[in-house]
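Notes follow once the structure below has been shown.
These numbers come from a predicted model, not from an experiment.
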Amino acid sequence: DNLTSALHVAGSTGNITMQGATTTIGSAAGSTNVEFDFNGVASKATRIQFKESGTNRWLLGQGAASETSAFELYNAAGVMALSVDRTSNVSTFAAGAVFNEGSYDSDFRVESNGNANMIFVDGGSDVVGIGTGSASSYNNFANNLVVYEAGDAGITIATNSTNNTSIYFADGTSGAEAYAGFLDYDHNDDSLVFGTAGTIRFEIAGDGSLSTPTLGTSNVRFGVNAG
């Protein structure tokens, strides 16, 4: 018979090598948990690292004092795709993250300090709530995104004093389809314009006067110095 070492302890380094198609620790019928207890020091890493032909696959544990990751996951090329910082508990995704890729009826929820549903993506109803987990309960003509607050609620679109802030109503992605209806606030002169069919219909100037862009006698102007 050919004898193969299944467990090898190197006397010079203390490294332990296990080989075999499958290595089983514990038993499915066991009455106690199977635990690993690694007692490390601050200057050394304490972790389990999985490699394939020398390429990192994933790492679990705590790095040395100079390292921050407590958990690392690598892609097929051996490049780190996910890391969890052991100090801040912040997770970093190197190439983005996908939740519920299988299109299951599974919700995604983000809690804040005072709201259990700060962001709520309803996997079954395909709606998003901010501050609410029941966006689907609102009128289905306008419940794709629902912002809720028990007190006063609002949405702010902010920029600096030399740019515009806008809301566009689109029925396509090219030409005027992308702005079939719109509201546009010009922070340069504090004017607000309203548009339909891709065209400005009237404007409220910074002084409060209202006007339409139509020339001639059909032009209508209200308010300050209407003339």
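Using a 4.5 Å cut-off between side-chain heavy atoms of Ile, Leu, Val, Met, Phe, Trp and Tyr, with links allowed through other members, Ile130 and Phe99 fall into the same hydrophobic cluster. There is no path of hydrophobic side-chain contacts, each under 4.5 Å, that joins Leu210 to Val193. Both Tyr168 and Ile200 belong to a common hydrophobic cluster when Ile, Leu, Val, Met, Phe, Trp and Tyr are linked at side-chain heavy-atom distances under 4.5 angstrom. At a threshold of 4.5 Å between side-chain heavy atoms, the hydrophobic network of Ile, Leu, Val, Met, Phe, Trp and Tyr places Tyr179 and Phe169 in two separate groups. Both Leu82 and Ile48 are part of a single hydrophobic cluster, where members link through side-chain heavy atoms under 4.5 Å apart.
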Legend entry - Worked check of side chain to side chain contact (heavy atoms under 4.5 Å, CB included) between Val84 and Val90: CA-CA 6 Å; Val84 181; Val90 172; over 6 Å; no
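Residues Phe108 and Val110 are in side-chain contact: their nearest non-hydrogen atoms beyond the backbone lie under 4.5 Å apart. Side-chain contact between Phe194 and Leu183 is present, with at least one heavy-atom pair separated by less than 4.5 Å. Inter-residue side-chain proximity for Val128 and Asn144 is flagged as unmet; no heavy-atom pair is nearer than 4.5 Å. Proximity of Phe120 to Thr132: side-chain heavy atoms (C-beta onward) are nowhere separated by under 4.5 Å.
Between the side chain of Asp122 and the main chain of Asp126, no donor-acceptor pair closer than 3.5 Å is present. Panel note: side chain Asn115, backbone Asn117; a donor-acceptor pair is recorded below 3.5 Å.
Of the N and O atoms on the side chains of Asn160 and Asn163, at least one donor lies less than 3.5 Å from an acceptor on the other residue. Checked by atom type, the side-chain pair Ser166/Asn164 shows no donor-acceptor distance below 3.5 Å. Between the side chains of Tyr185 and Asp190, a donor-acceptor pair is found at a separation under 3.5 Å. The closest side-chain donor-acceptor pair between His187 and Thr165 falls under 3.5 angstrom. At a cut-off of 3.5 Å, with distance as the only test, no side-chain donor of Thr55 or Ser53 sits close to an acceptor on the other residue.
The two residues Ala135 and Asn143 have their closest heavy-atom pair at O-CB, 3.4 Å. Val127 and Ser136 make their closest contact through CG2-N, 3.7 Å (heavy atoms, listed as atom of the first residue, atom of the second, distance). Scanning all heavy atoms of the two residues, the minimum distance from Ala178 to Ala170 falls at O-CB, 3.4 Å. Among all heavy-atom pairs drawn from Phe71 and Leu73, the shortest one is CE2-CB, 4.0 Å. The two atoms that bring Gly123 and Asp105 nearest to each other are C-OD1, 3.8 Å, heavy atoms only.
Every residue was checked against the salt bridge (charged side-chain N to carboxylate O under 4.0 Å, His left out) condition with Glu101, not counting sequence neighbours, and none meets it. Not counting sequence neighbours, the partners of Glu111 by the side chain to side chain donor-acceptor pair (under 3.5 Å) test are Arg109. In this view, Ala158 and Thr156 satisfy the side chain to side chain contact (heavy atoms under 4.5 Å, CB included) rule, not counting sequence neighbours.
Distance check, rounded to the nearest 0.5 Å: CG of Asp189 to CD of Glu203 gives 6.5 Å. For the atom pair Lys51 NZ and Tyr74 OH, the distance stands at 8.5 Å (nearest 0.5 Å).
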